Number of protein chains: 2
Amino acid sequence: MKNYSKQREAILTVLRETDTHPTANWIYEQVREIIPNISLGTVYRNLSELSRNGDIISLNVGDGFEHFDYDTTPHAHLHCKECGCIHDARLECDPLAELSKKMGFMPDTTIYVAYGICQNCKTTN
Amino acid sequence: MKNYSKQREAILTVLRETDTHPTANWIYEQVREIIPNISLGTVYRNLSELSRNGDIISLNVGDGFEHFDYDTTPHAHLHCKECGCIHDARLECDPLAELSKKMGFMPDTTIYVAYGICQNCKTTN
DNA sequence: AATAAAATAGTAATCATTACTGATTTGGGT
DNA sequence: ACCCAAATCAGTAATGATTACTATTTTATT
């Protein structure tokens with residue numbers, strides 16, 4: 001990631017301007033409206049490098065897809081088993097990081113995910 | 001899961017008797033020592049049904065494999081990025097469940113995973 | 001403009017997991 | 001004990017998200 005590329009720029013723009021937690025394929029579909037002949041492999045490669053670099057977050061909620069998040073500040077995620085949406089939640093503490101250290105484990109990141117039914121699905125059904 | 005099967009019995013035995021958080025393939029290899037001609041598909045199907053049934057836990061730490069845990073009591077996981085091991089940690093609170101409810105989200109399960117370097121890898125390298 | 005490194009498009013390969021099919025096993029009723 | 005329908009299985013083929021590969025294009029520097 002030494003050189004600029006308009007593809008990476010467009011990927012970051014798409015990711016910045018959504019409040020969802022999209023998959024690589026969703027991002028691909030969106031970026032194609034900016035760069036119609038962009039390759040899916042390019043999207044995957046850039047997302048993977050950006051994530052390794054700490055510029056974005058990669059999130060796995062066990063639905064078979066990797067999800068990406070432009071927001072790298074610490075926050076938890078609420079994953080709806082009904083509609084698949086992922087919402088953010090701000091915890092003001094990180095008890096697992098503290099417990100980890102006490103146990104001699106050096107945590108880089110802690111991930112908090114709640115699985116359940118979101119407000120929208122609860123009222124709709 | 002209405003009928004008994006010695007395959008499912010063996011899968012549960014293997015899972016009960018390890019303190020690791022094995023993948024389907026690892027379980028398959030172990031069960032083959034009890035039932036040499038068991039099918040990998042049988043292992044996957046049983047793990048998936050047991051997990052859907054709440055008898056075991058399925059855990060995804062983003063390493064490309066699904067992991068399984070015989071212990072269904074609430075606990076957090078520490079995943080070492082170096083050796084890939086997963087250790088248990090007992091949190092005495094569940095702040096995400098509480099926050100979720102306040103936000104109108106009905107959580108079934110909350111998952112806590114810390115990513116970092118385990119004590120063993122830290123001292124070895 | 002010339003050059004080397006980096007990035008890309010397009011396509012092929014990987015591989016964990018799931019689906020399918022015909023045979024075997026289980027359990028309840030007789 | 002035997003029958004039968006439902007459940008489960010072994011073995012194999014298919015799926016599909018992700019990664020790898022290659023020839024070409026773009027970027028940054030001189």
Side-chain angles (χ1 to χ4, degrees), chain A residues 1-15 20-53 55-69 79 81 84-86, chain B residues 1-15 20-69 79 81 84-86 113:
Chain A
M1 282 222 303
K2 290 185 169 182
N3 287 355
Y4 169 88
S5 88
K6 68 174 193 291
Q7 286 85 350
R8 179 156 55 238
E9 191 73 23
I11 289 165
L12 278 170
T13 300
V14 164
L15 195 51
T20 68
H21 296 73
T23 64
N25 197 65
W26 187 92
I27 294 169
Y28 171 60
E29 297 292 354
Q30 297 301 310
V31 174
R32 278 173 79 177
E33 305 197 350
I34 307 171
I35 305 171
N37 73 324
I38 193 172
S39 170
L40 181 56
T42 298
V43 174
Y44 270 106
R45 181 169 28 77
N46 276 290
L47 288 171
S48 153
E49 282 169 12
L50 286 163
S51 155
R52 185 166 348 105
N53 215 46
D55 295 323
I56 64 176
I57 279 177
S58 147
L59 173 67
N60 199 308
V61 293
D63 62 352
F65 303 91
E66 194 146 26
H67 295 261
F68 298 92
D69 194 343
H79 179 226
K81 303 195 291 185
C85 73
I86 302 175
Chain B
M1 280 219 307
K2 291 184 168 181
N3 286 356
Y4 169 89
S5 87
K6 67 175 195 291
Q7 287 85 349
R8 181 157 52 239
E9 190 72 24
I11 289 165
L12 277 170
T13 300
V14 164
L15 195 51
T20 68
H21 297 72
T23 63
N25 197 66
W26 187 91
I27 294 169
Y28 171 59
E29 297 292 352
Q30 299 299 311
V31 174
R32 279 173 78 176
E33 303 196 351
I34 307 171
I35 306 171
N37 73 325
I38 193 172
S39 169
L40 180 56
T42 297
V43 174
Y44 270 104
R45 179 168 31 75
N46 275 290
L47 288 172
S48 153
E49 282 170 11
L50 287 164
S51 157
R52 185 166 349 105
N53 215 45
D55 295 323
I56 65 175
I57 279 177
S58 147
L59 174 66
N60 199 307
V61 292
D63 62 352
F65 303 92
E66 194 146 27
H67 295 262
F68 298 92
D69 193 342
H79 178 228
K81 303 195 293 185
C85 74
I86 302 175
V113 183

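Only a predicted model underlies this, so the values are computations on that prediction, with no experimental measurement involved. Values below: all heavy atoms of this structure, side chains included; hydrogens, waters and symmetry mates excluded. We name chains A, B, ... by the order of the sequence lines, and we start the count at 1 in each one.
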What does the list of N/O pairs under 3.5 Å between the protein and nucleotides 23-30 of chain D look like, with a distance for each?
none

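- In this entry the distance linking CG of N25(A) with P of dG16(D) reads 12 Å, nearest Å.
- Remark: T13(B) engages no residue in a side-chain hydrogen bond (donor to acceptor under 3.5 Å, both in side chains) (not counting sequence neighbours).
- T23(A) pairs by the side-chain hydrogen bond (donor to acceptor under 3.5 Å, both in side chains) definition with nothing, not counting sequence neighbours.
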List the atom pairs, with distances to 0.1 Å, where a side-chain N or O of residues 34-44 of chain A and a protein N or O form a donor-acceptor pair under 3.5 Å, not counting sequence neighbours.
| unit_1 | atom_1 | unit_2 | atom_2 | d |
| --- | --- | --- | --- | --- |
| S39(A) | OG | G41(A) | N | 3.3 |
| T42(A) | OG1 | R45(A) | NH2 | 3.3 |

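- Partners of K81(A) under the salt bridge (charged side-chain N to carboxylate O under 4.0 Å, His left out) rule, at least two apart in sequence or in another chain, are D108(B).
- Here dT12(D) presents its P atom at 17 Å from OH of Y44(B), a figure rounded to the nearest Å.
- Residues passing the side-chain hydrogen bond (donor to acceptor under 3.5 Å, both in side chains) test with E66(A), sequence neighbours excluded: S58(A).
- Remark: N37(A), I38(A), S39(A) in residues 28-39 of chain A come within less than 4.0 Å of DNA chain C through at least one heavy atom.
- Protein chain B touches strand DNA chain C; the 5'-most and 3'-most nucleotides with an atom under 4.0 angstrom of its non-hydrogen atoms are dA16(C) to dG27(C).
- Near-neighbour residues of DNA chain D inside residues 56-65 of chain B, defined by a heavy atom below 4.0 Å, are absent.
- If you take CG of L40(B) and P of dG11(D), they are 12 Å apart, rounded to a whole angstrom.
- Q30(A) is not listed as a side-chain neighbour of I11(A), based on a closest heavy-atom distance of 4.5 Å or more.
- The end-to-end axis angle of the helix from dA1(C)-dT30(D) to dT30(C)-dA1(D), rounded to 10 degrees and based on five pairs per end, is 30°.
- Residue contacts for R45(A): at a heavy-atom cut-off of 4.0 Å it reaches a base atom on one of the strands shown.
- Judged as a side chain to side chain contact (heavy atoms under 4.5 Å, CB included), and not counting sequence neighbours, the contacts of D63(B) are V61(B), F65(B), H67(B), H79(B).
- Taking the side chain to side chain contact (heavy atoms under 4.5 Å, CB included) definition, one finds that D69(A) meets it with H21(A), I57(A), D71(A), H75(A), H77(A), D88(A), sequence neighbours left out.
- OP1 or OP2 of dC9(D) has at least one side-chain nitrogen or oxygen of N46(B) nearer than 4.0 Å.
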